[in-house]
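Beneath this line is the structure, given in structure tokens, with notes to follow.
Position 1 is the first residue of the sequence; numbering continues from there.
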Amino acid sequence: MKLPFDEIIELSRNRLTFNTSIQKSAEDIEDEIEELLVMSYALGWGLLDEELGEDTPIDNKRLADTLEEKINGKTYKEYLAPHIEDEDIDGIYRVVDSEIHRMYSAGQYDNAKTNGKQYKTWRTMEDDKVRDMHRNLDKVKVGIDEKFYTTDGDSAVRPGQFSLPENNVNCRCLVKYT
């Protein structure tokens, strides 16, 4: 199943190649990635707006705060830095893919809160790739500000926000807001 943010992930592959990482400075690569993350947040926000029949302007403060959000004590830039320094393109892709998903989920969550939604329901892709920790969350409904809890004790308000990297990396889960 194609995910809404797959096109941004594909765009990241086109923009961030091995040759790019050699030819550009770390700062240029970070700027390129930040642009992709902002696009992902806007996509999440915009698709929920469409679903709700709304035209809500993006809250730029929330967007900026989400870019600087720490997962397990680190910002996305701190996770990226060693991969950029080592010219580890696979590591860069892994971080960027996870962050694109996190920003997409954050855009949807922030829009849902702005528009007064009260509940959210976790949704997996319901296929063989879904990790057990997320399979147990499928169709769990909680209040908008409540956390989802995995069986390993990790928790998150939305996909991509768990403290354990293994619960975020390669996640394809989505949330339905009501």
Side-chain angles (χ1 to χ4, degrees), residues 1-47 58 60-110 122-125 127-135 137 147-148 150 152-175:
M1 175 180 197
K2 191 168 172 92
L3 295 165
F5 47 86
D6 280 345
E7 289 181 22
I8 296 175
I9 288 174
E10 187 177 318
L11 180 60
S12 77
R13 295 299 192 276
N14 292 333
R15 288 186 177 184
L16 303 168
T17 64
F18 180 73
N19 291 334
T20 301
S21 66
I22 293 172
Q23 295 168 355
K24 289 186 176 181
S25 71
E27 188 176 307
D28 288 342
I29 293 170
E30 285 178 359
D31 288 347
E32 189 103 18
I33 291 167
E34 188 166 300
E35 182 181 325
L36 293 165
L37 298 181
V38 169
M39 287 170 57
S40 190
Y41 184 94
L43 178 66
W45 185 284
L47 288 178
I58 289 177
N60 289 322
K61 168 108 174 66
R62 280 187 176 169
L63 169 58
D65 289 348
T66 303
L67 278 170
E68 298 303 317
E69 182 177 50
K70 290 186 177 190
I71 302 294
N72 203 21
K74 292 183 177 180
T75 65
Y76 80 91
K77 289 181 181 180
E78 292 169 313
Y79 281 108
L80 267 175
H83 300 294
I84 292 172
E85 184 177 313
D86 294 343
E87 296 177 358
D88 172 15
I89 196 68
D90 290 331
I92 292 170
Y93 288 160
R94 194 170 38 258
V95 172
V96 170
D97 291 356
S98 297
E99 290 299 306
I100 285 171
H101 179 241
R102 180 181 71 86
M103 292 297 291
Y104 174 87
S105 293
Q108 292 224 307
Y109 175 77
D110 289 347
W122 192 277
R123 297 308 312 253
T124 69
M125 293 294 106
D127 61 20
D128 294 340
K129 293 180 184 178
V130 176
R131 65 194 88 198
D132 289 339
M133 295 300 153
H134 292 190
R135 184 172 284 110
L137 293 173
K147 291 183 176 183
F148 293 100
T150 59
D152 64 359
D154 204 358
S155 64
V157 172
R158 61 184 193 281
Q161 197 187 34
F162 288 103
S163 62
L164 299 173
E166 59 267 24
N167 284 327
N168 293 324
V169 175
N170 297 323
C171 176
R172 302 167 299 135
C173 295
L174 302 169
V175 172

Beyond-backbone contact of [X] with [Y], side-chain heavy atoms, under 4.5 angstrom:
| X | Y | answer |
| --- | --- | --- |
| Ile58 | Tyr41 | yes |
| Thr150 | Asp132 | no |
| Asp97 | Ser12 | yes |
| Val175 | Tyr109 | no |
| His83 | Tyr93 | no |

Exercise. Would you check, one step at a time, whether the test side-chain contact (heavy atoms from CB on, under 4.5 Å) holds for Tyr104 with Ile8?
Key: CA-CA 10 Å; Tyr104 174 87; Ile8 296 175; over 6 Å; no
Please name the pair of heavy atoms, one in [X] and one in [Y], separated by the smallest distance, quoted to 0.1 Å.
| X | Y | result |
| --- | --- | --- |
| Glu32 | Leu16 | CG-CD2, 4.1 Å |
| Asp152 | Met133 | N-SD, 3.5 Å |
| Arg135 | Asp127 | NH2-O, 3.2 Å |
| Ile100 | Leu37 | N-CD2, 3.6 Å |
| Ile84 | Glu30 | CD1-CG, 4.1 Å |
| Phe148 | Phe162 | O-CE2, 4.1 Å |

Quiz item: Can we say Lys61 and Asp65 salt-bridge, meaning some charged N sits less than 4.0 Å from an Asp/Glu carboxylate O?
Solution: yes
Exercise. Determine, for Glu99 against Arg102, whether the closest basic-nitrogen to carboxylate-oxygen distance falls under 4.0 angstrom.
Key: yes
What's the spacing between [X] [atom1] and [Y] [atom2] if we round to 0.5 Å?
| X | Y | atom1 | atom2 | answer |
| --- | --- | --- | --- | --- |
| Asn168 | Ile71 | CG | CD1 | 6.0 Å |
| Met103 | Met39 | CE | CE | 12.0 Å |
| Leu3 | Arg172 | CG | CZ | 6.5 Å |
| His101 | Asp6 | NE2 | CG | 10.0 Å |
| Met125 | Cys173 | CE | SG | 7.0 Å |
| Asn167 | Ser98 | CG | OG | 11.5 Å |

Quiz item: Under 3.5 Å, side chain of Gln108 to main-chain N/O of Gly44, donor-acceptor pair present?
Solution: yes
Exercise. Without swapping roles, check the side chain of Glu78 against the backbone of Thr75 for a donor-acceptor pair under 3.5 Å.
Key: yes
Quiz item: Can you name the one residue among Lys74, Arg158, Lys77 that meets salt bridge (charged side-chain N to carboxylate O under 4.0 Å, His left out) with Glu69?
Solution: Arg158
Self-check item: Steps toward side-chain contact (heavy atoms from CB on, under 4.5 Å) verdict (Leu164, Asn72)
Solution: CA-CA 7 Å; Leu164 299 173; Asn72 203 21; 5.7 Å; no
Practice problem: Quickly, which of Leu11, Leu47, Leu36, Leu174 forms a side-chain contact (heavy atoms from CB on, under 4.5 Å) with Phe5? Name it, please. | Solution: Leu174
Self-check item: Over 12 non-hydrogen atoms of neighbours within 6.0 angstrom of CD in Glu166
Solution: yes
Exercise. Under the salt bridge (charged side-chain N to carboxylate O under 4.0 Å, His left out) rule, what do Glu35 and Arg15 come out as? Steps first, then yes or no, please.
Key: CA-CA 11 Å; Glu35 182 181 325; Arg15 288 186 177 184; 3.1 Å; yes
